[in-house]
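Have a look at the structure below before the remarks.
Residues: numbered from 1 along the sequence shown. In this text, all values refer to a predicted model and were calculated from it rather than measured experimentally. Reckoned from all heavy atoms, side chains included, excluding hydrogens, waters and symmetry mates.
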Amino acid sequence: MTASLSLKQLDAIQDLIFEKLVEKSTRIKTILPCQLYLVESFVSQCRLLEQVGYCDYELAYILYTLSERYIKHFDAKIKSASSEVYSVVKSVLRDRSHQKEVIHSHLQTDTNNDDLLDRFKALKENGTVSKLPPAVSVTAYQQSVSPAELRQLLDNKKVLLIDYRRRKDYLHNHIKHPNVINIEPSQANDLPIEATSQDLEAKLKHTMSHRHYKVFEDRRKFDYVVIYDFKYGVSGNNRFIEILKSVEEETPTNPFQRLIELLTTKNPLISSQLKWLPMYLAGGIKNWFDTYGAEAIEDSRNQSAEVEVNGLVYPKSFDDYLSSARKDSPSESKVHIPARANNGLVSNQHTQLKPQSMGVQPYDPSSVSTSDHKPDTKETASPAMYKSAPTKPPEGGQMSNLLNEFATGLFNLGNSCYMNCMIQCLAATPQLTSFFFPSVTTNGSYKQHINVNNKLGTQGKLTMGFVELLLNMLNNNGKAFSPSKFKKIAGECSPGRQFASCSQQDCTEFVTFLLDGLHEDLNQMPVLDPKEKKRITELTPEQERNREILPVRLASTIEWERYLKLNFSIIVDNFQGQYLSQLRCLECGTTSTTYNAFSLLSLPIPEKLNQSSKVTLHDCIEEFTKTELLDDGNKWHCSHCKRFTKSTKRIAITRLPQVLIVNFKRFKVNNNGQIRKLETFVTYPVSETLDLTKYWTKRGTTMGDSGSPKMSLEEETTILESFPVRNQEPPFRYQIYGVANHFGTLSTGHYTSYVYKSGKKRWCYFDDSKITTNVAQTEVMNKNAFCLFFQRV
């Protein structure tokens with residue numbers, strides 16, 4: 001590895017810096033910090049050399065030389081002011097002398113550039129760098145690059161730019177370059193300390209557009225990676241000026257350090273190792289803009305289909321939901337649920353900078369006001385019934401194990417088995433338990449996401465009651481607990497007080513009610529303005545016609561983004577999928593397609609001639625998705641024919657969730673109007689995975705007889721890649737972890753459940769308060785299965 005400057009040139013630079021440092025070191029309170037900064041910065045480069053085998057040799061050499069000269073020059077003053085600082089500095093320089101020799105060996109010993117001294121004359125002029133000519137070429141690793149050096153790299157090398165700011169800032173403006181991606185600081189900083197680059201990659205996969213994610217995934221193919229934020233680092237066209245500026249001013253900690261660690265020292269895979277350590281753009285995008293103007297930056301707010309569809313802005317990812325709680329309009333409410341990623345205390349209120357005569361400008365978060373928002377303390381947000389909290393659960397790894405292993409029975413409160421079996425299955429769902437009981441390395445609480453202004457929710461009563469029940473179950477592991485308090489809350493919150501009585505109920509109706517209630521309590525997206533809500537929910541006739549001719553994958557994605565405008569929560573992100581239902585007139589061919597979200601997939605059981613034969617889960621899905629003829633008294637009113645016509649109805653699954661809940665329609669109304677139960681044995685995989693990939697509509701899919709496709713596969717792919725992936729990438733394989741069983745008839749039935757637990761318990765059988773552990777897998781698949789819970793793997 002060779003540096004771009006020779007020893008003679010570097011010595012000329014450090015001479016000028018040293019002269020300036022001595023000039024400014026007039027008092028001991030400036031001398032000591034300066035000496036410590038020089039030594040600490042040199043040690044930082046040495047540690048880099050130890051970790052990755054190289055460092056910024058030029059910077060390291062200058063720092064070491066300055067450290068030696070500075071302590072020699074101020075020897076007596078430093079020793080008399082602090083003998084401890086003096087001895088530490090001398091010891092460090094002595095112990096690191098061997099690394100100085102290594103650094104020295106990587107520097108050039110001759111040069112033809114006799115005019116270098118003149119290039120750094122500007123260092124004498126109040127520390128400004130505006131008069132410096134363009135920087136020399138980057139031929140090795142540098143800790144930072146100037147705008148001139150970066151432009152030269154962009155012209156001659158393959159460079160990946162990482163805009164390390166909030167998404168809204170990136171969209172407002174970023175460096176104009178085809179290989180620039182956005183990583184928000186919270187996406188790296190919120191990862192636990194033991195996280196690796198693969199954890200970051202998994203997180204970004206569900207937040208980036210497909211195209212940007214592929215760029216990040218191929219980061220090893222780039223010659224250099226350069227990170228920037230708004231203005232970190234010293235502005236100008238010479239990176240060595242940063243030594244002076246850092247001594248003169250108190251500089252913040254390098255904001256890119258965590259991201260750099262994840263991309264390098266926390267990266268165990270050779271396949272994604274970078275050629276060089278990432279560098280940062282000194283002075284950020286502000287320095288870039290000041291140097292090259294508006295033509296060198298780009299505004300993507302009106303170009304990105306990823307965040308805007310039909311003029312409506314949508315949430316980007318579930319990480320957005322976690323990192324920033326919903327901000328309510330002041331005219332609606334003063335209540336604010338604070339942001340999880342900011343420890344629930346501060347939220348930045350950004351306003352757009354007004355460009356004057358320079359066109360597009362960098363978006364400066366520091367130029368606008370910051371206001372503190374604290375959790376609401378009213379009874380509506382924290383009901384009195386929760387003032388006496390139950391015992392706290394364990395923390396750390398012990399807590400993590402308990403969440404996966406606990407087994408607590410639930411007493412039957414009088415026909416409440418329908419509720420108990422569903423709670424047992426949901427309590428074994430890691431997406432819920434990890435959200436309600438985050439690890440000690442995760443900031444915030446689910447309470448910060450309760451939307452007390454959502455009229456469709458329960459102002460947190462149902463959610464807080466459910467979490468309290470789970471906590472009591474954790475603290476009664478191996479025993480039984482009475483869910484009486486939660487049942488009372490559920491009864492009061494259910495429509496028509498459906499679950500308040502002790503009468504028989506359907507477990508699927510209860511789990512649907514509970515998931516819907518949790519969703520609305522935690523929903524960050526409801527729009528309060530009726531006009532805006534109507535604009536979102538109602539399509540114009542032209543939009544409806546466009547949906548009918550679009551490929552299914554694209555149309556379903558657009559509809560899902562529209563749905564998310566009003567519905568965004570942990571329940572939507574993990575439990576909800578989508579299916580389309582298309583009606584087709586057999587006389588004129590007119591179609592009408594609707595896209596429906598589901599949290600429970602209710603499947604018919606096909607009736608076979610041989611009633612004793614078993615039916616598979618796949619048979620039920622085939623029955624669900626087969627084309628149905630609508631005739632006689634079941635005809636559809638065709639909008640084109642203006643009358644009821646013979647038609648077909650077809651259902652197709654367009655989005656599959658992370659947690660799939662399936663139930664079998666075991667109760668059927670016969671011709672006499674009587675309800676009978678289908679006792680058909682439906683088989684489902686227990687030890688194997690369930691593969692539903694073939695039922696998911698892939699790209700290029702159209703619905704039936706609409707003629708030749710209106711859009712090519714390439715065009716559809718290009719548009720789809722501008723949208724977030726949102727977990728919709730095949731294959732779709734699932735592992736079962738819960739089975740709710742129903743015995744008896746509609747009026748005299750009983751519910752139990754099988755739930756898989758890690759550790760020694762394995763499959764557990766819950767019959768209200770009674771628990772049986774280590775149940776054989778052969779028992780889990782049984783003829784009484786009514787509702788199945790699958791986890792995507």
Side-chain angles (χ1 to χ4, degrees), residues 192 385-386 388-413 416-442 445-447 462-490 507 510-511 514-515 518 570 574 659 661 686 735-741 750-777 779-780 787 789-791:
M385 58 175 27
Y386 300 110
S388 56
T391 306
K392 292 183 179 180
E395 295 183 345
Q398 184 183 358
M399 178 61 177
S400 178
N401 292 335
L402 183 58
L403 288 174
N404 296 326
E405 298 175 6
F406 78 96
T408 306
L410 294 171
F411 288 110
N412 194 318
L413 305 174
S416 65
C417 54
Y418 69 89
M419 179 182 76
N420 292 347
C421 71
M422 292 291 101
I423 290 173
Q424 294 291 3
C425 292
L426 290 178
T429 306
Q431 285 87 345
L432 277 184
T433 55
S434 62
F435 177 72
F436 290 133
F437 304 107
S439 68
V440 291
T441 60
T442 308
S445 162
Y446 74 92
K447 293 180 183 179
L462 183 67
T463 299
M464 295 172 75
F466 181 63
V467 175
E468 183 178 340
L469 173 60
L470 292 180
L471 185 51
N472 279 310
M473 292 172 69
L474 287 168
N475 288 318
N476 286 276
N477 182 25
K479 305 174 185 177
F481 179 77
S482 173
S484 56
K485 185 175 181 180
F486 176 70
K487 186 177 186 300
K488 180 180 179 181
I489 295 171
C507 73
F510 174 78
V511 77
L514 179 54
L515 290 176
L518 293 176
I570 184 176
N574 288 287
V659 179
I661 307 177
V686 176
Q735 185 68 53
I736 197 167
Y737 72 95
V739 179
N741 316 291
H750 179 59
Y751 290 99
T752 64
S753 59
Y754 291 100
V755 180
Y756 185 81
K757 302 286 183 179
S758 61
K760 297 180 180 179
K761 297 184 178 70
R762 315 300 279 179
W763 279 103
C764 298
Y765 182 63
F766 293 92
D767 185 354
D768 290 327
S769 58
K770 182 180 178 182
I771 311 170
T772 306
T773 61
N774 286 298
V775 175
Q777 284 188 347
E779 295 182 38
V780 176
C787 193
F789 288 71
F790 290 93
Q791 181 76 245

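- Once rounded to the nearest 0.5 Å, the distance linking CZ of Phe437 with CG of Leu402 reads 9.5 Å.
- Considering all non-hydrogen atoms of both residues, Glu405 and Gly759 come closest at OE2-CA, 4.0 Å.
- One N or O on the side chain of Thr408 and one on the backbone of Asn476 form a donor-acceptor pair closer than 3.5 Å.
- Using a 30° and 60° split on the angle between ring planes, Tyr754 and Tyr765 fall in the tilted class, from 30° to 60°.
- How far CE of Met419 is from CZ of Phe510: 5.5 Å, rounded to the nearest 0.5 Å.
- Side-chain contact between Leu413 and Ser482: present, with at least one pair of heavy atoms (C-beta onward) separated by less than 4.5 Å.
- In this structure, the side chains of Cys787 and Met422 come closer than 4.5 Å at one or more pairs of heavy atoms.
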Step-by-step side chain to side chain contact (heavy atoms under 4.5 Å, CB included) determination, Phe790 to Tyr737: CA-CA 6 Å; Phe790 290 93; Tyr737 72 95; 5.6 Å; no
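- Sparse packing is recorded around NZ of Lys488, with 12 or fewer heavy atoms of other residues, nucleotides or ligands lying under 6.0 Å away.
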Ile736/Val739 under side chain to side chain contact (heavy atoms under 4.5 Å, CB included): CA gap, chis, key distance, verdict: CA-CA 8 Å; Ile736 197 167; Val739 179; 3.6 Å; yes
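- Between Arg762 and Thr773 the shortest side-chain heavy-atom distance does not fall below 4.5 Å.
- Put simply, the side chain of Thr429 never gets that close to the backbone of Gln431: no donor and acceptor are under 3.5 Å apart.
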Derivation and outcome, side chain to side chain contact (heavy atoms under 4.5 Å, CB included), residues Val686 and Trp763: CA-CA 11 Å; Val686 176; Trp763 279 103; 4.1 Å; yes
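- Taken from NZ in Lys479 to CE in Met473, the straight-line distance is 14.5 Å, to the nearest 0.5 Å.
- For Glu468 and Lys485, the salt-bridge test passes: some basic side-chain N is under 4.0 Å from an acidic carboxylate O.
- Proximity of a side-chain donor or acceptor of Asn420 to a complementary backbone N or O of Leu410 within less than 3.5 Å is detected.
- The distance from atom NZ of Lys761 to atom OH of Tyr756, rounded to the nearest 0.5 Å, is 12.0 Å.
- Interatomic distance, CG of Asp767 versus CG of Asn412, reported as 9.0 Å (0.5 Å rounding).
- Rounding to the nearest 0.5 Å gives a distance of 4.5 Å between OG1 of Thr463 and CG of Leu518.
- Heavy-atom minimum distance, Phe766 versus Cys764: CE1-CB, 3.7 Å.
- Leu462 and Ala490 get closest at one heavy-atom pair: CD1-CA, 4.2 Å.
- Remark: side-chain polar atoms of Asn741 are not paired, donor with acceptor, to backbone N or O of Tyr751 under 3.5 angstrom.
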Intermediate values then yes/no, side chain to side chain contact (heavy atoms under 4.5 Å, CB included), Asp768 and Phe411: CA-CA 6 Å; Asp768 290 327; Phe411 288 110; over 6 Å; no
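- Panel note: side chain Ser434, backbone Pro430; a donor-acceptor pair is recorded below 3.5 Å.
- With hydrogens and angles disregarded, a donor-acceptor distance shorter than 3.5 Å links the side chain of Lys757 to the backbone of Phe406.
- Residues Ala407 and Ile771 share a closest heavy-atom pair of O-CD1, 3.5 Å.
- Between Phe486 and Phe466, the ring planes lie tilted relative to each other; the angle falls in the 30° to 60° range.
- Within the 3.5 Å criterion, the main-chain N or O of Lys760 finds a donor-acceptor partner in the side chain of Asn774.
- Here the closest heavy-atom approach between residue Ala427 and residue Thr433 is recorded as O-CG2, 3.3 Å.
- Between Leu432 and Asn574, the closest side-chain pair of non-hydrogen atoms is not below 4.5 Å.
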